[in-house]
Number of protein chains: 2
Amino acid sequence: MPKFVVERIEADPSFKTKAYTALKQAITEMDIYGSKEPIRLDERNLSERLGISRTPIREAMVMLEQEGFVKTLPRRGIRVVRKTKREVVEMIQAWAALESMAARLITKHATDAEIASLFGLFQDFGQDHTPQDHLSEYSSANIAFHQALIALSGSQVLTDMTRNLLLHVRGIRQITIGRDNRAERSIVDHLSIIAALRNRDADLAERLARQHTLDLADYVEAHGDLLD
Amino acid sequence: MPKFVVERIEADPSFKTKAYTALKQAITEMDIYGSKEPIRLDERNLSERLGISRTPIREAMVMLEQEGFVKTLPRRGIRVVRKTKREVVEMIQAWAALESMAARLITKHATDAEIASLFGLFQDFGQDHTPQDHLSEYSSANIAFHQALIALSGSQVLTDMTRNLLLHVRGIRQITIGRDNRAERSIVDHLSIIAALRNRDADLAERLARQHTLDLADYVEAHGDLLD
DNA sequence: TTATGGAATGTGGTATGCCAGATTCCATAA
DNA sequence: TTATGGAATCTGGCATACCACATTCCATAA
């Protein structure tokens, strides 16, 4: 008997969602900490540039504000948020907490193949292609590793809670990664974490993951004076 | 010279904020898991009942949706979200991760007096006033303890990220707390955590805090079939 | 030249109306 | 009685107009 194959029809994302996506991407891709002046967004201006009315833009702005990317001051404009050093440190600490829990969960539920797949995120870097020569590239790969790790936990909640944290920290991370051979040391740490995961050593994996990220927090605490 | 004392004039919260507060309170106070039928919210209905237009209500709804309390289905209504067992377990695990990090931070930065203040949250319960006789009351005190603990970390990020987690788990927690003498055992655990904090034992405090909450996650995993 | 005050402008907050898709209801025909 | 189909209704998405407060600009007077 022949099969009648149909696939579910997806509705186009709403203007609200499209505006949210576009604005969030624009904000996370811009150089927020390069200048000191307030970065202002104007609803009417964005309305014209995006070709939609203010309503869906305002709703997108509500989402971005709740995620900590913008702050609206009534009748005084909307500003892109610059995190203080303290806030960045706290976000990295929260990240460390969530990722260490992810590591613990991985040792209990992930398959060997899944854990092994984490190695694939490193093979692009070797003697001929060292991280310090391709910092931007490595920074992206680095974040990809952490996201892959957390996703392996199988916890959608951990994955979702971490996504924005990593986005907020991204700008800062790209600055610190180039110093003190942090990139190379980072790779060593990552390999140690993977080894612990493979050995199903929950306590060790958790501790290594936590300490690896807390090291970054300490580094930002000590050298992150470009913030504030 | 006499001082001219003035205090800053605060603007009234916007309708958007007021609607958000009112709706969130209404949702978190209702018995979400008591029934099985979808719980629907209607923008126009709420607009009349709150005495404001749909616009600020829609913006409040966007906030609540992002926090996972409601889900709007285009042209099919807005529903209060019922978390699945899996989601609740994941939220409790995330909570465990964040609270254990809070415990670690407390051992490093909190004062002895601050740590001692955690005892104050228990003195209402003793031989004459056992938890099992006042479950609802104890459940609130229990949550208050966890929130106070996390707040002592000094991390606004941890505090904020945990607030909604606790709200989501609250309904479930009030159900589980009454079983298997969980309330009494909970108090014992809490006292152990405080002791570790007082001894500035970061690793122990972290481990106890994590395990205490992960125990709840395991309990819900095993007995939380009222969900789904 | 400088301080003042009010008009003009800018900007987010709110109310309202219309649109289109989804659902419900009911008359109608087999 | 039951299946059909379309009209009526419901409901969130979006556009638009107006409001009030904040800021800016400029004419005016000391």
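As a basis for the values below, the full set of heavy atoms in this structure was taken, side chains included, without hydrogen atoms, waters or symmetry mates. A, B, ... follow the sequence lines: proteins, then strands. Residue 1 opens every chain.
If you measure from atom CG of Asp12(B) to atom C1' of dG13(C), you get 13 Å, rounded to the nearest angstrom. Between the NZ atom of Lys16(A) and the P atom of dT11(D) there is a distance of 18 Å, given to the nearest Å. Distance, Glu43(A) CD to dC14(D) P: 15 Å, rounded to whole Å. dG13(C) atom P lies 12 Å from atom CG of Asp42(A), rounded to whole Å. dT14(C) atom P lies 7 Å from atom CD of Glu59(B), rounded to whole Å. Taking atom CZ of residue Arg75(A) and atom P of nucleotide dC19(D), one finds them 14 Å apart after rounding to whole Å. When rounded to the nearest whole Å, the span between CG of Asn45(B) and C1' of dG12(D) equals 14 Å. Atom P of nucleotide dG13(C) and atom CZ of Arg54(A) are separated by 8 Å, given to the nearest angstrom.
Judged by distance alone, the side chains of Gln156(A) and Glu87(B) never bring a donor and an acceptor atom under 3.5 Å apart. Counted by atom type alone, Gln25(A) and Tyr20(A) present zero donor-acceptor pairs between their side chains at under 3.5 Å.
Checked against dT11(D), dA15(C), dG12(C), the side chain of Ile78(A) finds its nearest nucleotide in dG12(C).
With respect to Arg86(A) and Glu90(A), a salt bridge is recorded, a charged nitrogen being found less than 4.0 Å from a carboxylate O.
Secondary-structure annotation of DNA chain C gives the stems C:1-30 with D:1-30, with a stem taken as at least 3 successive Watson-Crick or G-U pairs whose two distances both fall under 3.5 Å.
Projected onto DNA chain D by closest heavy-atom contact, Pro13(A) and Arg44(A) fall at different nucleotides, the more 5' of which corresponds to Pro13(A). Residue-to-nucleotide proximity on DNA chain D shows that, of Pro74(A) and Thr55(A), the 5′-proximal contact is made by Thr55(A).
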With a cut-off of 3.5 Å and sequence neighbours excluded, list every side-chain donor-acceptor pair involving residues 4-14 of chain A.
from, atom 1, to, atom 2, distance (Å)
Ser14(A), OG, Thr17(A), N, 3.2
Ser14(A), OG, Thr17(A), OG1, 3.0

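Results of the side-chain contact (heavy atoms from CB on, under 4.5 Å) test with Thr72(B) over Arg58(B), Arg79(B), Glu65(B) single out Glu65(B) as the only residue that passes.
If you check every strand for non-hydrogen atoms under 4.0 Å, Arg76(A) touches sugar and phosphate atoms only. Using a 4.0 Å heavy-atom cutoff across all strands shown, Ile57(A) reaches no nucleic acid atom at all.
Between the side chain of Glu48(B) and the backbone N or O of Asn45(B) there is no donor-acceptor pair closer than 3.5 Å.
Between Phe69(A) and His168(A), the ring planes lie parallel to each other; the angle is under 30°, not in the 30° to 60° tilted range.
At the phosphate of dG12(D), neither OP1 nor OP2 sits under 4.0 Å from any side-chain N or O atom of Arg58(B).
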